[in-house]
Amino acid sequence: MASLNPVRGTHDLLPEARRRHRHVEDTARAVAARYGFAEIATPIFEFTEVFARTLGDTSDVVTKEMYTFEDKGGERITLRPENTASVVRAFLSNGLQQQLPLKYFYNGPMFRYERPQKGRQRQFHQVGVELLGVAQPQGDVEVIATGAQILDQLGIAGDVELEINSLGDTASRDAYREKLVAYFEGHLSALSEESRERLTRNPLRILDSKDEGDRALVAEAPLMTDSLNADSRVFFDTVLEGLETAGVPYRLNPRLVRGLDYYCHTAFEFTTTTLGAQGAVIAGGRYDGLVQQMGGPPTPGVGWAAGIERLAMMAGDPPPPPRPIAVIPVGAEAQTAALGLAQRLRRAGFAVDMAYSGNMGKRMKRANRIEARAAVILGTDELARSAATLRDMDTGEQSEVPLTAIEDRLASFT
RNA sequence: GUGGCUGUAGCUCAGUUGGUUAGAGCACUAGAUUGUGGAUCUAGGGGUCGAGGGUUCAAAUCCCUUCAGCCACCCCA
């Protein structure tokens, strides 16, 4: 039994769960398309360097969460833990620098070696958008608005809040980091053990700490907002104004940081309190240095990724699949004719179910179980008259219909 | 990697201070109803009680180990 279980942190998506995922994907794709994002797909594994080089040597994703292995050719391969690095790699591989700006939507599985818990798995799924080649704050607004509209369309906007912050440009960020380190070094003894570790690896993340002692210190810590230089300040203000114009409500969170190294300026998260400890359902920001870091020309970028599992848990029931028509032969002689009729209806665009065995009672039961909209009953009596009995499974009304008129009559069922 | 909680039928759960062949509801199958579904009634199938070891005349129940799931920390979608 144990060996028949899926690998820890992975799950089968049986039809109902899969449909919920599809609903999220389809909604996101459709909304993104309205904003001009075209769907692309990158491989689910890349050379390890693609992620190792871009995500930052100190990030947890790189140091402990990557699924990395050596393939038979001796190449170091990593299952993608996120998709932004892959998209940027694809951008460079395909020589798309001449075609900026580019707007991409993606959808697919990501892999991180973590202990599973609510809203967190080892194989999980994301949709995301990336906008490449736009340095203007208008790009940030457009990207964020896309996310907001998806949440709205999924009917969960009321349970989600947009938190936003600016990390500033490199100069601002470095200046702030120095201030912050100096501040915390002055309170080293009050800092939690984990945060002391963070102080050397990634001091900004102390702002995120859940430790109570840390939080008290953080409350008094210098704010990122106060360290923004003039350019960064103007950029951020323009983004905020744009959000107001776009009708996207937000909350400033000066302690919002990013785990990955490549972010600058705008950082944002759409968060909820309905998913236990997992707050973020969509998270993203601006990454102007990433393309260059990967060896490309300086190219600005901004985007986000959304967790499909998390969104699917929040979203209501997806639209039901179309109800089938049940074709029910009565008697052995009717089998062949029924099969032919079923095929004819399927070619005409109807969803048709025909059971493989059973008498009429069984087949009616099955028709009921699969919530058939109508049953087309074909017996020797009807066949002799080139007709079939058409039964409305909701009202129980039925009537005999010439075989040639079945499509037309079925078309009136909804 | 660390911590807490939980493992009995496909699902949700009973199982009394250890005591014969481990139960219920739902679901499933068949019949009542051999050309008519949903409801009802009847019957049936389905369990190495997560696994391994120990204590005992006797273990689903007590002890140890292990595995898995869930939740939380770290971190993140």
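Per chain, numbering begins at 1; letters A, B, ... match sequence-line order.
Rounded to an integer number of Å, the gap from A/Lys118 NZ to B/A72 P is 7 Å. Rounded to an integer number of Å, the gap from A/Tyr67 OH to B/C76 C1' is 15 Å. Atoms OH (A/Tyr263) and P (B/C75) sit 17 Å apart, rounded to a whole Å. Look at CZ on A/Phe111: it is 17 Å from C1' on B/C76, rounded to the nearest Å. Note: CG (A/Leu275) to P (B/C76) measures 18 Å, nearest angstrom. Rounded to an integer number of Å, the gap from A/Leu256 CG to B/A77 C1' is 14 Å. Between A/Ile282 atom CD1 and B/A77 atom P there is a gap of 12 Å when expressed in whole angstrom units. One can place CZ of A/Arg115 at 13 Å from C1' of B/C5, the figure rounded to the nearest angstrom.
When all heavy atoms of A/Phe413 and A/Ala374 are compared, the pair lying nearest together is CE2-CB, 4.2 Å. Here the closest heavy-atom approach between residue A/Gly168 and residue A/Leu228 is recorded as CA-CD2, 3.5 Å.
Of the candidate nucleotides B/A72, B/C70, B/A77, B/C70 has the atom nearest to the side chain of A/His11.
Here A/His125 pairs with A/Gln123, A/Glu309 under the side-chain hydrogen bond (donor to acceptor under 3.5 Å, both in side chains) rule; sequence neighbours left out. Residues passing the side-chain hydrogen bond (donor to acceptor under 3.5 Å, both in side chains) test with A/Glu185, sequence neighbours excluded: none. Under the side-chain hydrogen bond (donor to acceptor under 3.5 Å, both in side chains) criterion, A/Thr273 pairs with no residue, sequence neighbours left out.
Between the side chain of A/Arg373 and the backbone N or O of A/Arg323 there is no donor-acceptor pair closer than 3.5 Å.
Within a 6.0 Å radius of OH in A/Tyr113, other residues, nucleotides and ligands contribute 12 heavy atoms or fewer. Annotation: A/Phe124, atom CZ; neighbour count of heavy atoms from other residues, nucleotides and ligands within 6.0 Å is above 12. By the 6.0 Å contact criterion, CZ on A/Arg255 is enclosed, its count of non-hydrogen atoms from other residues, nucleotides or ligands being greater than 12.
Salt bridge status for A/Arg366 with A/Asp353: present, with a side-chain N to carboxylate O gap under 4.0 Å.
The side-chain heavy atoms of A/Glu397 and A/Arg391, taken from C-beta on, include no pair separated by under 4.5 Å.
Looking at residues 14-26 of chain A, you'll see that no heavy atom sits under 4.0 Å from any atom of RNA chain B.
Remark: the A/Arg205 side chain and the B/C76 base include no donor-acceptor N/O pair separated by less than 3.5 Å.
Contacts of A/Glu309 with the nucleic acid, taken as non-hydrogen atoms under 4.0 Å apart, are absent. Counting any heavy atom pair closer than 4.0 Å across all strands shown, A/Glu371 reaches no nucleic acid atom. No contact: A/Gly331 has no heavy atom under 4.0 Å from any strand.
For B/G69, one of the phosphate oxygens OP1 or OP2 lies less than 4.0 angstrom from a side-chain nitrogen or oxygen of A/Arg8. For B/C70, the OP1/OP2 oxygens have no side-chain nitrogen or oxygen of A/Gln117 closer than 4.0 Å.
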* Kindly determine whether A/Arg76 and A/Asp71 satisfy salt bridge (charged side-chain N to carboxylate O under 4.0 Å, His left out), including the steps that lead there. => CA-CA 7 Å; A/Arg76 297 290 289 169; A/Asp71 71 10; over 6 Å; no

* Step-by-step side-chain hydrogen bond (donor to acceptor under 3.5 Å, both in side chains) determination, A/Ser227 to A/Ser172 -> CA-CA 6 Å; A/Ser227 292; A/Ser172 298; over 6 Å; no

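On the P atoms, B/C71 is 14 Å away from B/C13, given to the nearest whole Å. Comparing B/U16 with B/C57, their P atoms are spaced 22 Å from each other, to the whole Å. Spacing of C1' atoms, B/G35 relative to B/A24, comes out at 38 Å, to the nearest Å. Distance check on atom P: B/A51 versus B/G37 gives 43 Å, rounded to whole Å. Nucleotides B/C28 and B/A72 have their C1' atoms positioned 38 Å apart, rounded to a whole Å. Nucleotides B/G3 and B/U8, compared at atom P, are 24 Å apart to the nearest Å. Comparing the same atom, C1', in B/C70 and in B/G23 gives a spacing of 26 Å after rounding to whole Å. Straight-line distance between the C1' atoms of B/G18 and B/C49: roughly 15 Å, to the nearest whole Å.
The 5' end of RNA chain B is approached more closely, in terms of each residue's nearest nucleotide, by A/Val7 than by the other of A/Glu114 and A/Val7. Summary of the strand contacts: A/Phe124 and A/Tyr113 both lie near RNA chain B, and taking for each the nucleotide with the nearest heavy atom, the more 5' one is attributed to A/Tyr113.
Side-chain contact annotation: A/Thr274 with A/Asp159, donor-acceptor N/O pair under 3.5 Å absent.
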* To do: Can you check each nucleotide of nucleotides 27-43 of chain B against protein heavy atoms at under 4.0 Å and return B for base, S for sugar-phosphate only, - for none, in 5' to 3' order?
  => -S-SS---BBBB-----

* Asked: Based on Watson-Crick and G-U pairs with both distances under 3.5 Å, what dot-bracket line describes RNA chain B 5' to 3', crossing pairs as [ ] and inter-strand pairs as |?
  -> (((((((..((((.....[...)))).(((((.......))))).....(((((..]....))))))))))))....

